[in-house]
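Just below is one structure, and these are the notes that go with it.
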Amino acid sequence: MRFVFLGLPGAGKGTQARILSERLDIPQISTGDILREHVQEGTRLGIEARTYMDRGEYVPDDVVVRMVEERLGEPDASKGFILDGFPRTVRQAQALEVALVELGTPLTAVVKFTISDTTAIRRIIGRYTCPVCKRTYHQEWRPPANDQLCDVDGTPLEKRSDEDELTVKRRLAIYREQTEPLERYYAERGLLRDVDAEARMDTVTERMLAALGDAV
Ligand SMILES: [Zn+2]
């Protein structure tokens, strides 16, 4: 049970990854989280990543790939995993493929959550996150019970300051350029499953499970 989740920002892949992760009891692996952990703990890879981040540059593929490989080798990932936010480029996908072939554990499926640009923009603007438990909220569809506090732990929610419409459009353009070629890469390998994500969260979950069929 080894999955990669793809989709525009706002497609809900993080939420669906969390649901599938709990259902199958396999870890949801987000590169953003791994990167933050390495930097916080000051590991060798974290220090290396930090030098790029401090200059406002992207952390190079090989550093990210090494972090993911290390994470996939941990015991909780032996039964399976869901990669959320990785790979982002065909180069990363090739590196992942090589690493998984070496481990003898190829991918089971790649799920692509499809939404329109308009939906992506509407969903991203108005999104809040709890800095402690990482739960996400939305001012329209999933507001917290108490104004701006996390339902689970009461932590004040954070709004990402970079999420105005222009920034979102730039992120969509980067996705088109760098990540969309991945869809063809995985389609050619017979791994791609398309899920229409223009629906309520629970409907998308049903569609995802249907698309995965006997893989789960
Ligand atoms: Zn929380």
Side-chain angles (χ1 to χ4, degrees), residues 1-38 40 64 67-88 96 99-100 103 105-115 119-120 123-124 126-146 149-158 160 186 191-216:
M1 298 187 294
R2 290 170 297 272
F3 306 103
V4 164
F5 278 17
L6 298 177
L8 285 179
K13 63 184 157 52
T15 305
Q16 299 299 337
R18 184 162 51 81
I19 292 168
L20 191 64
S21 150
E22 283 164 11
R23 195 181 167 104
L24 300 178
D25 192 28
I26 54 175
Q28 168 188 5
I29 298 176
S30 139
T31 30
D33 290 345
I34 301 180
L35 200 59
R36 269 189 295 276
E37 275 169 29
H38 274 275
Q40 264 166 23
V64 179
M67 284 182 182
V68 172
E69 281 175 10
E70 206 174 90
R71 179 66 186 86
L72 295 181
E74 282 173 31
D76 68 332
S78 63
K79 192 179 152 197
F81 53 79
I82 303 165
L83 283 171
D84 159 24
F86 180 91
R88 278 189 201 283
L96 176 68
L100 292 178
L103 292 167
T105 54
L107 288 176
T108 309
V110 175
V111 184
K112 193 226 164 181
F113 295 89
T114 307
I115 52 168
T119 302
R123 284 186 184 172
I124 295 169
R127 199 158 69 172
Y128 295 83
T129 312
C130 170
V132 173
C133 70
K134 313 288 182 214
R135 201 162 288 261
T136 57
Y137 296 88
H138 197 280
Q139 62 191 20
E140 282 175 60
W141 313 315
R142 198 146 53 110
N146 288 307
L149 297 178
C150 177
D151 292 345
V152 180
D153 46 43
T155 309
L157 301 177
E158 288 177 353
R160 286 181 54 167
Y186 284 126
L191 290 170
L192 196 69
R193 316 280 171 94
D194 220 315
V195 172
D196 177 358
E198 295 268 359
R200 286 161 45 101
M201 193 180 69
D202 48 356
T203 307
V204 176
T205 303
E206 282 167 24
R207 289 175 183 169
M208 167 182 71
L209 294 173
L212 289 173
D214 51 13
V216 295

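The shown structure was predicted, so the numbers you read here are calculated from the model rather than taken from an experiment. Throughout, residue positions are numbered sequentially from 1 according to the sequence presented.
Distance CD/Gln28 to CD/Glu22: 9.0 Å, rounded to 0.5 Å. Note: Phe81 CZ to Leu107 CG = 5.5 Å, rounded to the nearest 0.5 Å. Between atom CG of residue Leu6 and atom CZ of residue Arg193 there is a gap of 13.0 Å, rounded to the nearest 0.5 Å.
Considering every non-hydrogen atom in both Gly80 and Pro27, the closest pair reads O-CD, 3.3 Å. A pairwise comparison of heavy atoms in Ala17 and Ile82 identifies O-CD1, 3.4 Å as the closest pair. Between Thr155 and Cys130, the shortest heavy-atom distance links the atoms CB-SG, 3.9 Å. Between Ala109 and Leu212, the shortest heavy-atom contact is CB-CD2, 3.9 Å. Here the closest heavy-atom approach between residue Leu191 and residue Thr108 is recorded as CD2-O, 3.6 Å. A pairwise comparison of heavy atoms in Asp84 and Gly14 identifies OD2-CA, 3.6 Å as the closest pair.
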Would Tyr128 and Thr136 count as a side chain to side chain contact (heavy atoms under 4.5 Å, CB included) if you check the C-alpha gap in whole Å, the side-chain angles of each, and the deciding distance to 0.1 Å?
CA-CA 6 Å; Tyr128 295 83; Thr136 57; over 6 Å; no
Side chain to side chain contact (heavy atoms under 4.5 Å, CB included) evaluation trace for Met67 with Leu35
CA-CA 8 Å; Met67 284 182 182; Leu35 200 59; 3.5 Å; yes
List the steps and the verdict of side chain to side chain contact (heavy atoms under 4.5 Å, CB included) for Leu8 and Thr119.
CA-CA 10 Å; Leu8 285 179; Thr119 302; over 6 Å; no
Where do Leu72 and Leu96 land on the side chain to side chain contact (heavy atoms under 4.5 Å, CB included) test, with the steps shown first?
CA-CA 10 Å; Leu72 295 181; Leu96 176 68; 4.0 Å; yes
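Looking at Cys150 and Cys133, their side chains come closer than 4.5 Å, going by heavy atoms from C-beta outward. In this structure the side chain of Pro87 reaches within 4.5 angstrom of the side chain of Tyr186, judged on heavy atoms. Here the side chains of Phe3 and Leu24 are in contact, with some heavy-atom distance below 4.5 Å. Arg123 is listed as a side-chain neighbour of Ile115, based on a closest heavy-atom distance under 4.5 Å. A heavy-atom distance below 4.5 Å is not found between the side chains of Val4 and Val111. Within the 4.5 Å cutoff, side-chain heavy atoms of Tyr137 are placed close to those of Leu157. Side-chain atoms of Val152 and Arg135, non-hydrogen and from C-beta on, do get closer than 4.5 Å to each other. Taking the side chain as every heavy atom from C-beta outward, Thr31 and Val64 approach each other to under 4.5 Å.
Using a 3.5 Å distance cut-off with no hydrogens or angles, the side chains of Glu158 and Thr129 do not pair a donor with an acceptor.
At most 12 heavy atoms of other shown residues, nucleotides or ligands fall within 6.0 angstrom of atom CZ in Arg23. Annotation for Arg88: atom CZ does not count as buried by contact number, only 12 or fewer foreign heavy atoms lying within 6.0 Å.
Not counting sequence neighbours, the partners of Leu103 by the side-chain contact (heavy atoms from CB on, under 4.5 Å) test are Leu100, Thr105. Partners of Asp33 under the salt bridge (Lys or Arg N to Asp or Glu O under 4.0 Å) rule, at least two apart in sequence or in another chain, are Arg36. With sequence neighbours left out, the side-chain contact (heavy atoms from CB on, under 4.5 Å) criterion links Lys79 to Met1, Asp25, Ile26. Residues satisfying the salt bridge (Lys or Arg N to Asp or Glu O under 4.0 Å) test with Arg71, not counting sequence neighbours, are Glu74, Asp76.
Applying the side-chain hydrogen bond (donor to acceptor under 3.5 Å, both in side chains) test to pairs two or more places apart or on separate chains, none has a residue in residues 1-15. For residues 199-208, the set of pairs meeting the side-chain hydrogen bond (donor to acceptor under 3.5 Å, both in side chains) definition, not counting sequence neighbours, comprises Gln16-Thr205, Arg200-Asp202.
Under the 6.0 Å cut-off for aromatic ring centres, Phe113 and Phe5 qualify, their centroids lying closer than that.
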